[in-house]
A.B. asks: 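Next up is a structure, given as structure tokens.
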Amino acid sequence: MTATERIRGRLLIDGQWRDAERFEPNRSPSDLSDVVGDYAWASMEQAREAMAAARRAQAHWGRSNPQMRTDILRRTGDGILARIDALSVLLAREEGKTLKDARGEVARAAQIFHYYAGEPTRGRGGFLPGLREGFNIIVDHEPLGVVSLITPWNFPIAVPAWKIAAALAYGNAVVFKPSEVTPGCAVALVEILLEAGLPADVMNLVMGSGAELGSVLIDEADGVSFTGSTPTGRWILERAAKNMVKVQLELGGKSPLVVLDDADLDLAVQVAYEGAVPQTGQRCTTASRLIVTRGLHDAFVEKLAQRVAAVRVGHALDPQSEIGPVATEAQLAKDLSYVDIGRQEGAELLCGGERLERPTAGYYMSPALFANSTNDMRINREEVFGPVAAIIKVEDLDEAIAVAADSDFGLSSAICTRSLTAAEKFRRGSSSGMVVVNASTSGAEYHVPFGGRGVSGFGAPEQGSATSEFFTEVKTTYINHGIA
Ligand code: NDP
């Protein structure tokens with residue numbers, strides 16, 4: 001695949017690649033003249049067909065030999081690695097993250113498939129003696145059934161990978177609805193799954209508008225695993241309640257990073273930068289509230305502002321770029337509007353927050369850093385999902401813990417300190433699903449649970465074997481064998 005090749009991406013329904021009445025071009029946010037491909041948009045009828053096909057496929061896949069599932073998942077990971085160069089270019093062109101970040105994400109997707117390749121053979125059943133004389137009890141985990149996997153644009157290979165790999169490992173049939181912004185990565189991933197030997201009817205790919213297809217994807221599924229914004233997650237939860245469809249929601253964040261007076265200044269600045277700026281701030285775990293105690297505050301502000309102001313914003317495929325463009329026009333408008341909101345609220349804009357011109361027309365913006373902000377400002381309460389961070393000055397650890405926890409969101413939180421006692425006090429006081437000490441709020445690993453509290457998440461966590469809680473159903477069998 002080269003940067004000039006134009007892809008025509010089709011739907012996968014009931015084992016067949018299908019055209020649709022509507023195809024939409026997908027442009028690179030780094031260069032709006034670069035059309036990545038044209039992608040089919042599924043109709044409601046096609047989404048219904050996909051759901052029905054997955055239902056039929058689940059009957060054989062749910063009972064398939066675990067070794068077969070293991071082999072397919074392992075070969076998928078191998079297939080991703082074999083194409084890492086092309087996939088990284090595709091991802092960087094389509095989403096706008098730098099080639100280096102794209103490569104890291106593709107490699108991570110392969111690791112995820114390799115991890116879940118072990119799951120079919122691990123099993124998680126139990127055998128217990130009954131409490132009644134002559135009884136045994138088997139506790140079994142069966143596949144949930146047909147799962148709709150709905151994903152956002154910001155990690156267009158890794159997020160689908162961690163949902164698809166887990167769904168298939170535990171014997172579920174899939175209907176996959178990627179973001180309309182990043183269909184190219186979705187098609188490429190599905191192609192690799194089929195090459196790895198996945199029976200094509202087990203994996204159904206419907207692209208297009210989530211708002212349009214959502215009702216079918218929810219009403220006709222046994223479970224919905226969704227990653228995206230909190231408002232969409234709330235809508236899915238309400239809709240799923242009608243038929244009592246199981247849901248797993250990974251939603252937005254407003255993650256705090258606390259920096260205490262005793263922190264290593266250089267490390268704290270690096271941790272804040274890594275949390276707030278890379279991938280153009282478009283991570284659910286982005287550190288957007290930087291809560292700093294008085295003693296280190298001024299030095300931290302000065303050094304971080306220098307680092308953020310110096311960031312090189314450019315084309316995703318340019319090796320000089322440290323961050324690429326914002327992924328979409330709507331997201332850019334939202335990011336810039338929050339810069340205005342921050343100013344109007346009285347926060348001090350230290351640097352950035354401006355639209356940038358580059359040799360190619362794209363959605364470029366300089367990362368914005370605010371100081372003298374308070375936790376009740378909208379820039380500190382609402383998720384921006386862009387390169388906009390704000391510093392909040394506090395007196396001490398207790399105030400820092402209180403401010404960090406004062407949020408509707410609860411995804412990730414971090415602290416920089418040399419004190420083990422302070423770190424433990426922060427860990428206990430944190431209201432988020434993930435806590436990090438002396439490192440960035442981002443950087444989750446695939447073998448341990450990933451999930452948020454409050455409006456950041458709902459249902460079983462993702463990743464690791466913890467996600468089996470969502471992708472399987474428990475069955476308890478009592479056997480009266482009659483031996484006293
Ligand atoms: P959205 O919530 O807008 O969309 C996510 C997915 O849901 C897309 O595939 C979208 O389709 C689909 N969708 C939209 N409306 C509906 C609906 N009514 N029913 C079913 N599906 C629907 O989020 P973005 O794609 O804009 O991603 C950014 C957001 O995702 C941020 O808020 C971010 O915090 C969050 N996020 C959370 C993560 C986490 O793990 N906690 C990880 C990554 C991102 P379409 O493309 O057509 O709009």
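Whatever order the structure lists them in is the order used to number ligands and atoms, beginning at 1. Just so it is clear, the structure is predicted and the values come from calculations on it, not from any experiment.
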A.B. asks: Show the numbers, then the answer: is there a side chain to side chain contact (heavy atoms under 4.5 Å, CB included) between Glu95 and Gln282?
C.D. replies: CA-CA 10 Å; Glu95 198 270 354; Gln282 298 171 149; 3.7 Å; yes
A.B. asks: Among all the protein's non-hydrogen atoms, which is closest to atom 35 (C) of ligand 1, and how far away is it?
C.D. replies: Gly228 O, 3.0 Å
A.B. asks: Counting each atom of ligand 1 from 1 as listed, which ones have a heavy atom of Ile150 under 4.0 Å away?
C.D. replies: 6 (C), 7 (O), 9 (O), 12 (C), 20 (C), 21 (N)
A.B. asks: Salt bridge (charged side-chain N to carboxylate O under 4.0 Å, His left out) with Asp201: which residues, sequence neighbours excluded?
C.D. replies: none
A.B. asks: If I apply the N/O under 3.5 Å rule, does Ser229 come out as touching ligand 1?
C.D. replies: yes
A.B. asks: Looking at the rings of Trp162 and Phe155, which for Trp means the six-membered one, are their centres under 6.0 Å apart?
C.D. replies: no
A.B. asks: With distance as the sole criterion, is a donor-acceptor pair present between the side chains of Gln344 and Asp340 under 3.5 Å?
C.D. replies: no
A.B. asks: Roughly how far, to the nearest 0.5 Å, is CD1 of Ile392 from CD1 of Ile379?
C.D. replies: 8.0 Å
A.B. asks: Nearest to atom 37 (C) of ligand 1, what protein heavy atom do you find, and at what distance?
C.D. replies: Leu251 O, 3.0 Å
A.B. asks: Which is it for Glu383 and ligand 1 at heavy atoms under 4.0 Å: side chain, backbone, both or neither?
C.D. replies: side chain
A.B. asks: Should Glu180 be counted as touching ligand 1, given the test is an N or O pair under 3.5 Å?
C.D. replies: yes
A.B. asks: Closest non-hydrogen protein atom to atom 11 (O) of ligand 1, residue and atom name please, with distance?
C.D. replies: Lys177 NZ, 2.9 Å
A.B. asks: What is the nearest protein non-hydrogen atom to atom 14 (C) of ligand 1, stated with its residue, atom name and distance?
C.D. replies: Thr232 CG2, 3.6 Å
A.B. asks: Quick one: does ligand 1 sit under 4.0 Å from the side chain of Pro178, the backbone, both or neither, non-hydrogen atoms only?
C.D. replies: backbone
A.B. asks: Checking Ile13 against Gln46 for the side chain to side chain contact (heavy atoms under 4.5 Å, CB included) test, could you report, in this order, the C-alpha distance in whole Å, the side-chain angles of both residues, the deciding distance, and whether it holds?
C.D. replies: CA-CA 8 Å; Ile13 299 173; Gln46 286 175 314; 3.7 Å; yes
A.B. asks: Tell me which pairs pass side chain to side chain donor-acceptor pair (under 3.5 Å) where either residue lies in residues 168-187, with sequence neighbours left out.
C.D. replies: Glu119-Tyr170
A.B. asks: For Ser468 and Phe471, indicate whether the former's side chain and the latter's backbone hold a donor-acceptor pair under 3.5 Å.
C.D. replies: no
A.B. asks: Are any of the side-chain heavy atoms of Ile157 and Leu90 separated by less than 4.5 Å?
C.D. replies: no
A.B. asks: Report the nearest protein non-hydrogen atom to atom 26 (O) of ligand 1: residue, atom name, distance rounded to 0.1 Å.
C.D. replies: Trp153 NE1, 3.2 Å
A.B. asks: Within the 4.0 Å heavy-atom shell around Gly214, which atoms of ligand 1 are there?
C.D. replies: 19 (N), 20 (C)
A.B. asks: Heavy atom under 4.0 Å from ligand 1: found in Thr227's side chain, backbone, both, or neither?
C.D. replies: both
A.B. asks: Examine the proximity of ligand 1 to Phe155 and report which part, side chain or backbone, both or neither, has a heavy atom under 4.0 Å away.
C.D. replies: neither
A.B. asks: So is Gly208 in contact with ligand 1, going by heavy-atom distances below 4.0 Å?
C.D. replies: yes
A.B. asks: For Asn154, counting its heavy atoms only, list the atoms of ligand 1 lying under 4.0 Å from any of them.
C.D. replies: 43 (C), 44 (C)
A.B. asks: Which of the atoms in ligand 1, numbered in the order shown and given with their element, are less than 4.0 Å from a heavy-atom of Phe450?
C.D. replies: 40 (O)
A.B. asks: Given that the side chain starts at C-beta and the backbone is N, CA, C, O, which of these parts of Thr151 lies under 4.0 Å from ligand 1, counting heavy atoms, or is it both or neither?
C.D. replies: backbone
A.B. asks: Tell me, do Glu357 and Tyr364 make a side-chain contact under 4.5 Å, heavy atoms counted?
C.D. replies: no
A.B. asks: Only one of Leu205, Leu149, Ile150, Val206 clears side chain to side chain contact (heavy atoms under 4.5 Å, CB included) with Val175; which?
C.D. replies: Val206
A.B. asks: Compute the minimum heavy-atom distance from Ser209 to ligand 1 and say whether it is under 4.0 Å.
C.D. replies: yes
A.B. asks: Would you mind checking which non-hydrogen protein atom is closest to atom 33 (C) of ligand 1, with the distance to 0.1 Å?
C.D. replies: Phe385 CE1, 3.0 Å
A.B. asks: Give the residue and atom name of whichever protein heavy atom lies nearest to atom 27 (O) of ligand 1, and the separation in Å to one decimal.
C.D. replies: Pro152 CB, 3.4 Å
A.B. asks: If you take all heavy atoms of Ser225 and Glu462, which pair is closest and at what distance?
C.D. replies: OG-OE1, 3.8 Å
A.B. asks: Against the six-membered ring of Tyr115, is Arg74 placed for a cation-pi contact (under 6.0 Å from the centre, within 45° of the normal)?
C.D. replies: no
A.B. asks: How far is atom 42 (C) of ligand 1 from its nearest protein heavy atom, and which residue and atom name does that atom have?
C.D. replies: Cys284 SG, 2.9 Å
A.B. asks: Could an N or O of ligand 1 be found under 3.5 Å from any N or O of Gly210, whether backbone or side chain?
C.D. replies: yes
